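All of these numbers come straight from a predicted model, not from anything done at the bench.
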Number of protein chains: 2
Amino acid sequence: MKRRLLLVSNSTLHGGGYLDHFHCSPLVLFVPYALHDRDAYTKTARDKFTSLGYELNGIHEALDPVSAVRKAEAIFIGGGNTFRLLKSLYDNELVTEIKRRVLEDGVPYMGSSAGTNVATVSINTTNDMPIVYPPSFSAIGLVPFNINPHYLDQDPKSRHMGETREQRITQYHEEPDTPCVLGLREGSMLLVEGNTATLLGTTSARLFTRMGPGDGEL
Amino acid sequence: MKRRLLLVSNSTLHGGGYLDHFHCSPLVLFVPYALHDRDAYTKTARDKFTSLGYELNGIHEALDPVSAVRKAEAIFIGGGNTFRLLKSLYDNELVTEIKRRVLEDGVPYMGSSAGTNVATVSINTTNDMPIVYPPSFSAIGLVPFNINPHYLDQDPKSRHMGETREQRITQYHEEPDTPCVLGLREGSMLLVEGNTATLLGTTSARLFTRMGPGDGEL
């Protein structure tokens, strides 16, 4: 499998600086759907990528987004709201096309935060507020597990009564047929090359499995 | 309108101690759908309510949940996961029936956390992880606005890169036709009697309107 992915925990444009992991200088197709102001988001992304020596086009600038994906040399999906992002991917009929390009044609894929969520099995483990209703929580499925970006360890001093991140993921695993979840701390990212996944960064990650006792630090 | 609601910010069983707001001693129908172990949750709730002098039955113990709602003297929906709760309400065809009983028959309704979310227009402003896919985000609609329970003010010392609660609600209001959102801090609750809503507790609340400048402390 030609798969080349870089899945970053952090928000918005982190990940751009890591294009050199792919050892090429592609024209990048940027997907700004996770934020409301697509023009402003694309301008910020373009400024950053230009300074790094890459060209970048916003997918919303294309007349036909499916055709833009068919021609893309690399795809970068930025962070923001995961529900808004996935709904727009479905509304523009891009989920299947991105999957095909990345898994069959080997087009490099980068995702930050929400862009990492949509690369996995489903968005069931996003931290975002469900501000819009997508037609499904199933995502692009570039890897056979889920990721929880911005993974936060419990603060023993917190008096807040909302569930901890660990409790939330455990509740997910109470549901049937749920995949593993990689809790990816800010500062970490996952590089996937073919069937090999390498954890990069300094903060490491925590893997949650449905059976519970298999949980572990990576 | 006979509406009598007590909508509590905090998790799980908070709210039980406040039944005296309703000046009656009803047999309470408890809805434990937001947690996985419905028996254990109902036992905890029953122990607490019994100590306060109230009788309580779990809706999942009834052969026909719709009929249980039709006979209920008071309804208490406990906290947990909002997506799981709303999906179960739809699966058991209870959304319309609870709305009718509360708005037409004046049956008192209490909700904690997720039970507060489902009492509003929609669950678009829950903090919970979307661990299951409900058939809609539209909720019971006992009030014409949304609530964000466990509302958290921004921590100026935080270095976490996830969105603040304020940013999340602002993103919701970037979407068309979105109602006001009451950010209800832990320790606060809203008592609704007819067309009058009274904020109780010591921590107050923050009201977000779609236009932005109308935001204010309550």
K.L.:
Please classify the contact between B:I123 and chain A as side chain, backbone, both or neither, with a heavy-atom cut-off of under 4.5 Å.
P.N.:
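Just the backbone, heavy atoms under 4.5 Å.
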
K.L.:
Start with the C-alpha distance between A:I59 and A:Y33, add both sets of side-chain angles, then the distance that settles side-chain contact (heavy atoms from CB on, under 4.5 Å), and finish with yes or no.
P.N.:
CA-CA 9 Å; A:I59 193 169; A:Y33 293 157; 3.7 Å; yes

K.L.:
Side chain, backbone, both or neither: which part of A:N148 has a heavy atom under 4.5 Å from chain B?
P.N.:
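Side chain only.
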
K.L.:
For the interface with chain A, which of B:V132, B:D37, B:N127, B:D128 has the highest count of heavy-atom pairs at distances below 4.5 Å?
P.N.:
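Most pairs with chain A among the choices: B:V132.
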
K.L.:
Any idea which of A:N81, A:L152, A:T82 has the most non-hydrogen atom pairs under 4.5 angstrom with chain B?
P.N.:
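So the answer, after comparing A:N81, A:L152, A:T82, is A:L152.
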
K.L.:
Looking at B:D39 and B:K43, is there a salt bridge between them, counting it only when a charged N and a carboxylate O are closer than 4.0 Å?
P.N.:
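Salt bridge between B:K43 and B:D39, a charged N being under 4.0 Å from a carboxylate O: no.
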
K.L.:
Is there a salt bridge (Lys or Arg N to Asp or Glu O under 4.0 Å) between B:E174 and B:R210? Walk through the geometry before answering.
P.N.:
CA-CA 8 Å; B:E174 288 169 348; B:R210 200 155 173 264; over 6 Å; no

K.L.:
Is the A:F76-A:Y54 ring centre distance short of 6.0 angstrom?
P.N.:
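Ring-ring flag for A:F76/A:Y54: false, centres at least 6.0 Å apart.
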
K.L.:
Is a side-chain donor-acceptor pair under 3.5 Å present for A:S122 with A:N146?
P.N.:
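On atom types as modelled, these side chains qualify, holding a pair under 3.5 Å.
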
K.L.:
At a heavy-atom distance under 4.5 Å, which candidate from A:T125, A:T178, A:I169 has the highest pair count against chain B?
P.N.:
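Most heavy-atom pairs under 4.5 Å with chain B: A:T125.
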
